[in-house]
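Below is one structure, written out as structure tokens; the observations come after it.
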Amino acid sequence: MTQVQSVAELTHTPGLLSEIARAQEEAWSPVQLLEWGLDRFAPRIALSASFGAPEGLVVLDMMHRIDPARTRVFTIDTGRLP
């Protein structure tokens, strides 16, 4: 695994900004968008999900179906769930 030297390396990888500027992603399905994100940012991408809202669980399920090995999730315990 390569060491990241700066935050700029995470957000401005070569070609990423021009890829986003083309705005092709706006027409993609949710699965295509998740595949794109996993391909470009794994293992430095994770889903933040609260287990109280169904939307996060749907995205988690989609990510896991795409590639279980690259799916990462974290939660923040707010103490609000039973």
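- Interatomic distance, CG of Leu47 versus NE2 of His64, reported as 12.5 Å (0.5 Å rounding).
- Smallest separation of non-hydrogen atoms from Ala49 and Val73: CB-CG2, 4.2 Å.
- Here the closest heavy-atom approach between residue Gln32 and residue Trp28 is recorded as OE1-CA, 3.3 Å.
- Listed for the Thr71 side chain is a donor-acceptor partner under 3.5 Å among the backbone atoms of Met63.
- Between Ile66 and Leu34, the closest heavy-atom pair is CD1-CB, 3.6 Å.
- When atom types are taken as modelled, the side chain of Arg70 and the backbone of Ala42 share no donor-acceptor pair closer than 3.5 angstrom.
- Rounding to the nearest 0.5 Å places CZ of Arg72 at 12.5 Å from OG of Ser48.
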